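All figures in this text were calculated on a predicted structure; none of them were measured in a lab. We name chains A, B, ... by the order of the sequence lines, and we start the count at 1 in each one.
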There are 2 protein chains.
Amino acid sequence: MKKTTKLAPAPKAALPAASEPRRRPTINDVARLANVSKKTVSRVINQSPFVNKETRKRIDAVIAELGYAPDPVARGLASRRSYLVGLIYDNPNPQHVIDTQQGILDIIRGSGLELVVHPCNRRDKDFLPGVRGFIDRQKLAGVILPSSVSEDEELVALLRDSDTPYVRIASVLLDNEENSIVTHDREGARQAAEHLAGLGHKTIAHVSGPDTFRSSHERRAGFMEGLKAAGLSLDKKLDLRGAYTFQSGVDAGRKLMGQAMKPTAVFCGNDEMAAGVCQAIRETGLDIAKDVSVVGFDDSPLASRMWPALTTVLLPVKATGRMASVRLLGDRLTKEPLEEDSHGEVHPRLVVRASTGPVRPAYGA
Amino acid sequence: MKKTTKLAPAPKAALPAASEPRRRPTINDVARLANVSKKTVSRVINQSPFVNKETRKRIDAVIAELGYAPDPVARGLASRRSYLVGLIYDNPNPQHVIDTQQGILDIIRGSGLELVVHPCNRRDKDFLPGVRGFIDRQKLAGVILPSSVSEDEELVALLRDSDTPYVRIASVLLDNEENSIVTHDREGARQAAEHLAGLGHKTIAHVSGPDTFRSSHERRAGFMEGLKAAGLSLDKKLDLRGAYTFQSGVDAGRKLMGQAMKPTAVFCGNDEMAAGVCQAIRETGLDIAKDVSVVGFDDSPLASRMWPALTTVLLPVKATGRMASVRLLGDRLTKEPLEEDSHGEVHPRLVVRASTGPVRPAYGA
DNA sequence: CGGGTCTATGACACCGGTTTCCTTGCCCGC
DNA sequence: GCGGGCAAGGAAACCGGTGTCATAGACCCG
């Protein structure tokens, strides 16, 4: 149906009406067939209340018949809001990233939104410019900030004045409840301490995460709380700092097992380091659980696949991603958000497996 | 500088020229300041050769001064090609997904392209419609198909006639060399077999992946080749099928260790299953390596964190993602693609760790 | 019965680029 | 001296929607 009005100079080689390349229908097609203006079609698409029932029905019929779907790019241009939600993260645990991602995808599936992943490095000098470029080029529908970046106030400021909606995921409430999901890591660590104390351990070590993460502090603080509640305290020699990596766990473990005051139990800031500590323990010929109990944090896949399986604190990362998405997009979602996802608070939970056991009288202090 | 030509009815409340909300500069701003038409600016942006050196220089200067960057959404609308590259995958191993993703991101970083991740489920009845919607709504710059979906001919057909560029990653060459990355899983499996045979093992079992993945067949075939070369063969009782999951590995391992003909070594289709097999072996009180050797495939993080660390076949997934991106985007990338990334072939490599050892005479057949 | 409010709809500019097509010099060969 | 080819650049339509504003009719109220 190309209009050949203005005395067109016959299209190049006259392919004998070569079966129309099958263009996607546009809003104009719909408007024409429904005999309304495109603006009214637009109203129907955007669920404006000011459309007559009959008209709406007619338009819906045409839409269905044509299999029309609005072009997100065009919509984005006109409305200055793309249909993309961004996930910005700073490397950390790949498993963590993928779980968050999966949670978000669970929620936006079928809503017409898509997920754009944008890793970055907070230590890069052009970290902020990079993210800024991303943000204001892509006019995102919203951004989700997992814990690896949620504490970066500069980044948040950027989002705020670019006027992009965002949700922060963090171990404590950082600002507004409206745009935060709180994971309460502290509670989980406390449970870990109570578990170990309950098994009779008194000489308990801690390998915390890097200083730059709020979660490290929270986990450590929760652990201390738990110890205190059990009438215990943390000896300086048993208080080590790692980097959330396997290797740092190995190093910490070696240090712990190499010194005079050996712990009968170790609580680690995450599972990676716990696995490292386990390796160090084994290197000294000791047994996990029987000689030294180990507790991790995260319940990563590693935890359940290790031998012995790791006692750890389960942090439901995927659910957190879902919650964050609901918080961010609430209204735009077709399907009702699950009750579960509506309150913005996540509580960790201890999962007891085989890496912890009662303190061994002969060995302990 | 809003033009207030047509006797405008003074803007609502006359905010005293409230410090201009700082709009992003557009191509029009650039054109005006450089004293050219927007088309010429467009030519500069798109590196058209037909622009006078002087003119180009002037425009570049204005662009730099303004900090102008073209709006990808507008460009997308006009050129019918967004600046998004899509990664479509069907669940599999999260680690695999994240590595691929990381590889792609390595390449597109700084190119103005962004990565959209789109998981799907090939067993869903609306799998194809779903992907189709994604594809032709988003007019992607390109799509990368990792092995979990690269074999789906219907999907590929879809891409082909939606005329979206794509690259398939697979264990064997599926069609055109132009748009494929081949990982040669077979070679890796062969190495695994040779390694075990070299250690004196004769009763070797295999736990393969699900039938629906080409990689399962390739790995199994490679393993058989290796055995054959060593004058060995695979007994039916030692030839099990798993599902690439940890649990399926546990099940397979129990079956193997519960039967009369026990293997002295097991080669598994991936690391997850290998970890499962290890668990099953331990349950029977036997030792990994000393009693039964185990080899995995992938070199996932799990492999190096297990105890004993798993001998496995390293498949450089991230590098594969990089290659795929270069294949897909070649020209559009600013930085020169690394030599490494240019040939489209990936070769796995055996990594020997602690889970394999010489056959134990007393125990073996 | 005039005027005000509310519903339903359309006209038209606009979002920020690209595409198509056209013009203008300028150089070249004959 | 002139047609032709090519480099350089511009005007206007266009991509497929949304925003702003105008308008027509229905209804309501004093």
What integer distance in Å separates A:Lys139:NZ from D:dT18:P? 14 Å
Ion pair check, B:Arg132 and B:Asp161, cut-off under 4.0 Å: no
So does A:Thr40 get a side-chain nitrogen or oxygen closer than 4.0 Å to the phosphate oxygens (OP1/OP2) of C:dG10? yes
Base, sugar-phosphate alone, or nothing: which one does A:Val36 contact when heavy atoms must sit under 4.0 Å apart? sugar-phosphate
Quick one: on DNA chain C, does B:Asn28 or A:Pro49 contact a more 5' nucleotide (nearest heavy atom)? A:Pro49
To the nearest Å, give me how far apart CZ (A:Arg23) and C1' (D:dG16) are. 11 Å
Whole angstroms only, please: what is the CG-C1' distance between B:Asn46 and C:dG17? 9 Å
A:Asn35 has an atom CG; how far is it from atom P of C:dA8, in whole Å? 19 Å
Distance-minimising heavy-atom pair for A:Arg109 and A:Gln102: NH2-NE2, 4.5 Å
What contact category does B:Arg80 fall into here, base, sugar-phosphate, or nothing, at under 4.0 angstrom with non-hydrogen atoms? sugar-phosphate
Taking NZ, NE, NH1 and NH2 as the nitrogens, is one of them in A:Lys53 or A:Asp60 under 4.0 Å from a carboxylate oxygen of the other? no
Taking OP1 and OP2 of C:dT9, is either one under 4.0 Å from a side-chain nitrogen or oxygen of A:Ser37? no
Measuring from the side chain of A:Asn52 (C-beta onward, heavy atoms only), which nucleotide among C:dG17, C:dT9, C:dT19 has the closest atom? C:dT9
Regarding B:Asn52 and B:Arg58, is there a side-chain donor-to-acceptor distance under 3.5 Å anywhere? no
Side-chain heavy-atom pair A:Leu105, A:Ile107 within 4.5 angstrom cut-off: no
Any N/O donor-acceptor pair, B:Lys38 side-chain to C:dG16 base, under 3.5 Å: no
Minimum-distance pair of heavy atoms, taken over all atoms of A:Ser82 and A:Leu140: OG-CA, 3.6 Å
C:dG17 OP1/OP2 closer than 4.0 Å to side-chain N/O of B:Ser42: no
I need the CZ-P distance between A:Arg81 and C:dC14, as an integer number of Å. 22 Å
Let's see if you can work this out: which of D:dT18, D:dG10, C:dA8 has an atom nearest to the side-chain heavy atoms of A:Phe50? C:dA8
Note, A:Val62 side chain near A:Tyr68 side chain (heavy atom, < 4.5 Å): no
Within residues 53-79 of chain A, find the residues that approach DNA chain C with a heavy atom at under 4.0 Å, and present them sorted by residue number. A:Thr55, A:Leu77, A:Ala78
Can you check the B:Arg137 CZ to D:dG16 C1' distance for me, whole Å? 15 Å
Are A:Thr26 and D:dG16 close enough that a side-chain N or O sits under 4.0 Å from OP1 or OP2? no
Any N/O donor-acceptor pair, B:Lys39 side-chain to D:dG10 base, under 3.5 Å: no
